[in-house]
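Structure, as structure tokens:
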Amino acid sequence: MTSESKIAVYSLSDLKNTTDDALPNYLNSLKFKQSHLLTDVRLGLGYTAVAIAAATFYADWKLGWATTKTPTLYAVIIYFILNSALTIWIWGIEKGKIYVGSKDKIDVSLLLVVYQKNRANFGFLQITVASSTTKHTPIYKLKIRYAPPPGPTRVDYKEFNIEAPFTKWFTKDGVFVAKPFQEWLASEVPLIGKTVAEKTQ
């Protein structure tokens, strides 16, 4: 499968963003159930902060500063708190995660995202994928963490750090080719490889 759209091959952010967008689609096609909790919280915090700023501006425009200065003070404080929470959420919780999902059972919860050591108390498989790049280096890096299904004994999370050049799945013209990207993931991550093998049987 080849994407019809082209991107600038010298734009590292475009290469990463396009690849990031392709990864959830692939995992979802393998019957992983994606959790949108991280994105929903981030959007909720951001939109709430924007709504407060807009409401404050509108109130000041309609009622004047003398009437709205006290509510504006509270709005600024709340806006600051929300933006601080958003920053902590992005850098402390998300940490570059582009996919959080589960396999075979139920969806992942926030507690497992934050307190992953408690996974033995839950009966499903979790996978978390975070991506990153280094400035001026066209190498795609993934940190993939997953927990095998519960067994007679506790099995800790398995973590894989893999990387590959973007040229492995982008043509010289900047077209994303899905197959080599999917094959790379399947060959590097045993869980994905096993899932692909079971799907093709």
Side-chain angles (χ1 to χ4, degrees), residues 3-29 32-102 105-116 118-119 122 124 126-138 140-145 166 170 174-176 178 181:
S3 172
E4 296 180 357
S5 59
K6 297 181 180 180
I7 64 168
V9 293
Y10 298 107
S11 172
L12 188 57
S13 61
D14 285 350
L15 292 170
K16 180 181 181 299
N17 291 337
T18 300
T19 306
D20 285 350
D21 291 341
L23 190 143
N25 293 332
Y26 178 50
L27 292 183
N28 291 338
S29 73
F32 285 91
K33 184 178 181 182
Q34 185 175 7
S35 169
H36 298 283
L37 177 62
L38 293 178
T39 302
D40 290 345
V41 171
R42 171 160 44 89
L43 292 176
L45 289 171
Y47 284 140
T48 302
V50 171
I52 289 174
T56 302
F57 173 80
Y58 181 79
D60 182 48
W61 177 51
K62 284 291 187 180
L63 303 176
W65 169 250
T67 305
T68 61
K69 60 182 179 180
T70 300
T72 297
L73 174 62
Y74 292 128
V76 169
I77 294 173
I78 295 172
Y79 182 85
F80 176 77
I81 292 173
L82 287 173
N83 273 280
S84 297
L86 180 60
T87 300
I88 293 171
W89 185 262
I90 292 173
W91 295 104
I93 304 299
E94 287 191 357
K95 295 182 179 179
K97 293 183 180 72
I98 58 172
Y99 190 89
V100 177
S102 58
K105 296 288 185 178
I106 59 175
D107 204 358
V108 69
S109 70
L110 175 60
L111 287 177
L112 283 184
V113 175
V114 182
Y115 304 107
Q116 294 183 347
N118 294 334
R119 59 150 296 274
F122 297 83
F124 65 91
Q126 179 198 7
I127 181 170
T128 303
V129 184
S131 70
S132 64
T133 56
T134 302
K135 192 174 182 180
H136 305 309
T137 305
Y140 190 61
K141 301 177 183 180
L142 288 180
K143 177 181 287 186
I144 302 173
R145 175 177 289 190
F166 286 105
F170 279 96
V175 177
F176 177 81
F181 175 65

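Only a predicted model underlies this, so the values are computations on that prediction, with no experimental measurement involved. Just so you know, these numbers use all the heavy atoms, side chains as well, and skip hydrogens, waters and symmetry mates.
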> What's the spacing between L63 CG and K69 NZ if we round to 0.5 Å?
Replying inline: 14.0 Å
>> Working note: V129 + V100, criterion side-chain contact (heavy atoms from CB on, under 4.5 Å); need CA distance, chi angles, decisive distance, verdict.
In response: CA-CA 6 Å; V129 184; V100 177; over 6 Å; no
> If you look at every heavy atom in P71 and T67, which pair is closest and at what distance?
Replying inline: CD-O, 4.0 Å
> Does T72 reach the side chain of W65, with side-chain heavy atoms less than 4.5 Å apart?
Replying inline: yes
> From Y79 OH over to T48 OG1, what is the distance, rounded to the nearest 0.5 angstrom?
Replying inline: 11.5 Å
>> Counting C-beta onward and ignoring hydrogens, is there a side-chain heavy-atom pair between I52 and L82 closer than 4.5 Å?
In response: yes
>> Please determine whether side-chain contact (heavy atoms from CB on, under 4.5 Å) holds for the pair K97 and L38, giving the CA-CA distance in whole Å, both sets of side-chain angles, and the decisive distance to 0.1 Å.
In response: CA-CA 9 Å; K97 293 183 180 72; L38 293 178; 3.7 Å; yes
> Looking just at side-chain N and O atoms, do K141 and T134 make a donor-acceptor pair shorter than 3.5 Å?
Replying inline: yes
>> Run the side-chain contact (heavy atoms from CB on, under 4.5 Å) test on L27 and L23 for me, step by step, so that the C-alpha distance in whole Å, both residues' side-chain angles and the decisive distance to 0.1 Å come before the verdict.
In response: CA-CA 6 Å; L27 292 183; L23 190 143; 3.5 Å; yes
>> I'd like to check D21 versus I98 (side-chain heavy atoms, cut-off strictly below 4.5 Å). Are they in contact?
In response: no
> Does the pair T19 and F181 meet the rule for a side-chain contact (heavy atoms from CB on, under 4.5 Å), with working shown?
Replying inline: CA-CA 9 Å; T19 306; F181 175 65; 3.4 Å; yes
> Atom CH2 of W89 and atom CG of N83: how far apart are they, to the nearest 0.5 Å?
Replying inline: 15.5 Å
> Would a 4.5 Å heavy-atom cut-off, applied to side chains only, mark T128 and I144 as touching?
Replying inline: no
> CG of L15 to OG of S13: how many Å apart, nearest 0.5 Å?
Replying inline: 8.0 Å
>> If the test is side chain to side chain donor-acceptor pair (under 3.5 Å), which one of T18, D20, D14 qualifies with K16?
In response: D20
> Which heavy atom in K33 sits nearest to a heavy atom in Y99, and how many Å separate them?
Replying inline: C-OH, 3.9 Å
> Do D60 and T56 touch side chain to side chain, with heavy atoms closer than 4.5 Å?
Replying inline: no
> For the atom pair OG (S132) and NZ (K143), what is the distance rounded to the nearest 0.5 Å?
Replying inline: 8.0 Å
> Side chains of Y140 and L142: closer than 4.5 Å at any heavy-atom pair?
Replying inline: yes
>> With salt bridge (charged side-chain N to carboxylate O under 4.0 Å, His left out) as the rule and sequence neighbours excluded, what pairs involving residues 41-52 come up?
In response: R42-E94
> Once the angle between the rings of F176 and F170 is folded into 0 to 90°, is it parallel (under 30°), tilted (30 to 60°) or perpendicular (over 60°)?
Replying inline: perpendicular
> How many angstroms lie between atom CG of L73 and atom OG1 of T68, to the nearest 0.5 angstrom?
Replying inline: 11.0 Å
